[in-house]
Amino acid sequence: MLTMPGGKMVLKWGVERRLEFIEFRLYWEGGVNRSDIVEAFDVSVPQASKDLTLYQERAPNNAIYDKSAKRYVASETFQPCFLKPDAAHYLTQLRSVAEGILPAAASWIAHFPPFSGPPVPARNVTNETLRTVLGAIRDNLAIEIKYQSLSRPVPRWRWIAPHAIGFDGFRWHARAFCQIDQTYKDFLLARIVETRGSKSSGVKSGGDADWNEEVTLEIGPHPELSDTQAKVIALDYRMRGGKTKIKVRRALLYYALRRLGLDTEPNTRRPEDQQIVLLNREVVDENHR
C-alpha cells in the first residue's frame, strides 16, 4: 500500500485485484477461502490470509467466517466496495469458457452452472493472418493479401490498407481500403489465404466515412403484440416510452439489421417471433440508396 498526501492509503494494483476477486466470489459464488486466492493468483497461503484480513478491515460487514465450511460467506448486509457487479460481464465469461474462447482458469467463476447455446462454427483465422493485419493497423501499412472471395473461382492477390477489426456476430472482418477497387470494404479474415509484403499505405486516417459515422436505430415492440407481451419485450430491451435506441457504425448496419431480424418486413413473420420492429425505417432507406 502507498500513502498519499493527506494520509490516505492507496492499494497497489495487485492487492486491489485480489480484493476485487474476493468480492466477486462473495457476490456471485456466495463465499471464498484462502485456497481460492492462492489458485487464482499463485500467491502464498500467508499472503492470501493477509488479503482476507485486509478485505475484512476495508469492508467489515460484508463477510462472515463459516467454521463448518471453512470459508468466508457473504453477509445479509453485503454491499460491494471494490467491485461493480455486472451481470453482462459474468454471462460473457460463462459463454466464453463454454465456447472454448477463454480457459476456465482465466475466469473468476468457480462453479459453472450448466450452460449451452446455439453452435457457432469456428472460423479458420490463422495466427499469422491476424498478426499481420494488426501490425498493419498499428503501423498504418498496406499489406498484400491473397484473398478468396465468393465472386471469383480462385484467390486473387490484392493490396489493402486495414484500419480496424469488425465482428458481425459470426465472423471477423478487417475493415480496409482496397487499392484495386479504390474504396473501403470488409475482408473476412478467414478468407485471407496468404499474406506477403507491406508498404506505407498512403491512406489518410479517418477517411472511411461509413466506419466513422454512426446510424441510430430506434426499435419498439411489434405493434401486433398484446399489451402484456409488449411490456415484456420493453423490459427485455430496456425500452423507455415504448422504444430504445441502438447506435451502429454505418459500415456494420447490414450486419446489425440481420442479427436483430430487422432486415425483412415485419409482416413476414409472426409478431411473437419478430417481437421488435424498426421505428425509423427511413434512416435505413437513406443509407441503402
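Computed over heavy atoms, backbone and side chain alike; hydrogens, waters and symmetry mates excluded.
Annotation for Val97 and Ser107: closest pair CG2-CB, 4.0 Å, computed over non-hydrogen atoms. In terms of heavy-atom proximity, Ala142 sits nearest to Trp159 at O-CZ3, 3.5 Å. Nearest heavy-atom pair, Val43 versus Ala48, reported as atom, atom and distance to 0.1 Å: CG2-N, 4.4 Å. Residues Arg152 and Gln148 come closest through the heavy atom pair O-NE2, 2.9 Å. Closest non-hydrogen pair, Ser201 versus Ala161, comes out as CB-CB, 3.7 Å. The minimum heavy-atom distance between Val38 and Ser44, with the atom names listed, is CG2-O, 3.9 Å.
In this structure, a donor-acceptor pair under 3.5 Å is present between the side chains of Gln229 and Ser226. Side-chain atoms of Thr77 and Asn61 form no donor-acceptor pair, as typed in the model, at a separation below 3.5 Å. Using modelled atom types, one finds a donor on one side chain and an acceptor on the other under 3.5 Å when comparing Asn33 with Ser35.
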Given salt bridge (charged side-chain N to carboxylate O under 4.0 Å, His left out), test Glu214 with Arg249 step by step and report yes or no. CA-CA 4 Å; Glu214 290 184 330; Arg249 294 182 187 275; 5.7 Å; no

Side chain to side chain contact (heavy atoms under 4.5 Å, CB included) between Cys81 and Asn62, intermediate numbers included: CA-CA 9 Å; Cys81 297; Asn62 276 1; 3.9 Å; yes

Give the C-alpha distance, both sets of side-chain angles, the deciding distance and a yes or no for salt bridge (charged side-chain N to carboxylate O under 4.0 Å, His left out) between Lys12 and Glu16. CA-CA 6 Å; Lys12 292 183 179 179; Glu16 188 167 8; over 6 Å; no

Give the intermediate values and the outcome of side chain to side chain contact (heavy atoms under 4.5 Å, CB included) for residues Ile160 and Glu144. CA-CA 6 Å; Ile160 66 169; Glu144 192 176 14; over 6 Å; no

Give the intermediate values and the outcome of side chain to side chain contact (heavy atoms under 4.5 Å, CB included) for residues Asp208 and Phe177. CA-CA 8 Å; Asp208 189 349; Phe177 183 81; over 6 Å; no

So Thr228 and Lys231, side chain to side chain contact (heavy atoms under 4.5 Å, CB included) or not? Walk me through it. CA-CA 5 Å; Thr228 301; Lys231 288 179 180 178; 5.8 Å; no

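Using a 30° and 60° split on the angle between ring planes, Phe82 and Tyr55 fall in the tilted class, from 30° to 60°. Relative ring orientation between Tyr90 and Phe24 is described as parallel, the plane-to-plane angle staying below 30° on a 0-90° scale split at 30° and 60°. Relative ring orientation between His173 and Tyr255 is described as tilted, the plane-to-plane angle lying within the 30° to 60° band.
In the hydrophobic cluster analysis, where Ile, Leu, Val, Met, Phe, Trp and Tyr join through side-chain heavy atoms closer than 4.5 angstrom, Trp108 is grouped apart from Val73. Hydrophobic clustering, with ILVMFWY side chains joined whenever heavy atoms are under 4.5 angstrom apart, groups Tyr72 together with Leu54. The cluster map of Ile, Leu, Val, Met, Phe, Trp and Tyr, joined by side-chain heavy atoms under 4.5 Å apart, puts Phe187 and Leu252 in different clusters. Hydrophobic clustering (ILVMFWY, side-chain heavy atoms < 4.5 Å, transitive): Ile64 and Trp28 are in distinct clusters. A single hydrophobic cluster is seen to contain both Ile246 and Ile233, as judged by linkage of ILVMFWY side chains at heavy-atom distances under 4.5 Å, directly or through other members.
When the shell of 6.0 Å around CD of Gln79 is examined, it contains 12 or fewer heavy atoms from other residues, nucleotides or ligands. Counting heavy atoms of neighbouring residues, nucleotides and ligands inside a 6.0 Å radius, atom CZ of Arg281 exceeds 12 of them. A 6.0 Å sphere centred on CG of Asp86 holds more than 12 heavy atoms belonging to other residues, nucleotides or ligands. Remark: Asp42 CG is loosely packed, at most 12 non-hydrogen atoms of other residues, nucleotides or ligands lying under 6.0 Å away.
Using a 4.0 Å cut-off between a side-chain N of Lys or Arg and a carboxylate O of Asp or Glu, Asp181 and Lys185 qualify as a salt bridge. Note on Arg258 versus Asp263: no salt bridge recorded, every NZ/NE/NH1/NH2 to OD/OE distance being 4.0 Å or above. With respect to the salt-bridge test (charged N to carboxylate O, under 4.0 angstrom), the residues Asp168 and Arg259 do not qualify. Using a cut-off of 4.0 Å between Lys/Arg side-chain N and Asp/Glu carboxylate O, Asp36 and Arg25 are scored as salt-bridged.
The shortest side-chain heavy-atom distance between Pro113 and Leu94 falls under the 4.5 Å cut-off. Counting only heavy atoms from C-beta outward, the side chains of Phe21 and Ile37 approach each other to under 4.5 Å. Looking only at side-chain heavy atoms (C-beta outward), Arg158 and Cys178 come within less than 4.5 Å of each other. Taking 4.5 Å as the limit, some side-chain heavy atom of Leu257 sits within range of a side-chain heavy atom of Leu217. Inter-residue side-chain proximity for Arg191 and Ser149 is flagged as unmet; no heavy-atom pair is nearer than 4.5 Å. Put simply, the side chain of Ile219 does not reach to within 4.5 Å of the side chain of Val277, judged on heavy atoms. Using a 4.5 Å cut-off on side-chain heavy atoms (C-beta onward), Ile180 and Arg156 make contact. Taking 4.5 Å as the limit, every side-chain heavy atom of Asp210 sits out of range of all side-chain heavy atoms of Tyr184.
The CG atom of Asp139 lies 10.5 Å from the OG atom of Ser200; values are rounded to the nearest 0.5 Å. In this structure, the separation between CG on Leu189 and CD1 on Ile165 is 5.0 Å, given to the nearest 0.5 Å. To the nearest 0.5 Å, the span separating NE2 on His89 from CG on Leu83 amounts to 9.0 Å. Rounded to the nearest 0.5 angstrom, Arg34 CZ and Ile22 CD1 are separated by 12.5 Å. Here the NZ-CG distance, from Lys243 to Leu279, works out to 7.0 Å after rounding to the nearest 0.5 Å. Glu224 CD to Arg270 CZ: the interatomic distance, rounded to the nearest 0.5 Å, is 11.5 Å.
Using modelled atom types, no side-chain atom of Glu29 and backbone atom of Gly31 make a donor-acceptor pair closer than 3.5 Å. Listed for the Asp66 side chain is a donor-acceptor partner under 3.5 Å among the backbone atoms of Ala69. Side chain of Gln275 to main chain of Glu272: a donor-acceptor pair is present (N/O by atom type, distance under 3.5 Å, no hydrogens or angles). At least one donor-acceptor pair under 3.5 Å links the side chain of Thr53 to the backbone N or O of Ser49.
The side-chain contact (heavy atoms from CB on, under 4.5 Å) test with Pro162 singles out one residue from Ile137, Val203, Ile145, and that residue is Ile137.
Cation-pi contact between Arg196 and Trp157: present, with separation from the ring centre below 6.0 Å and deviation from the ring axis of at most 45°.
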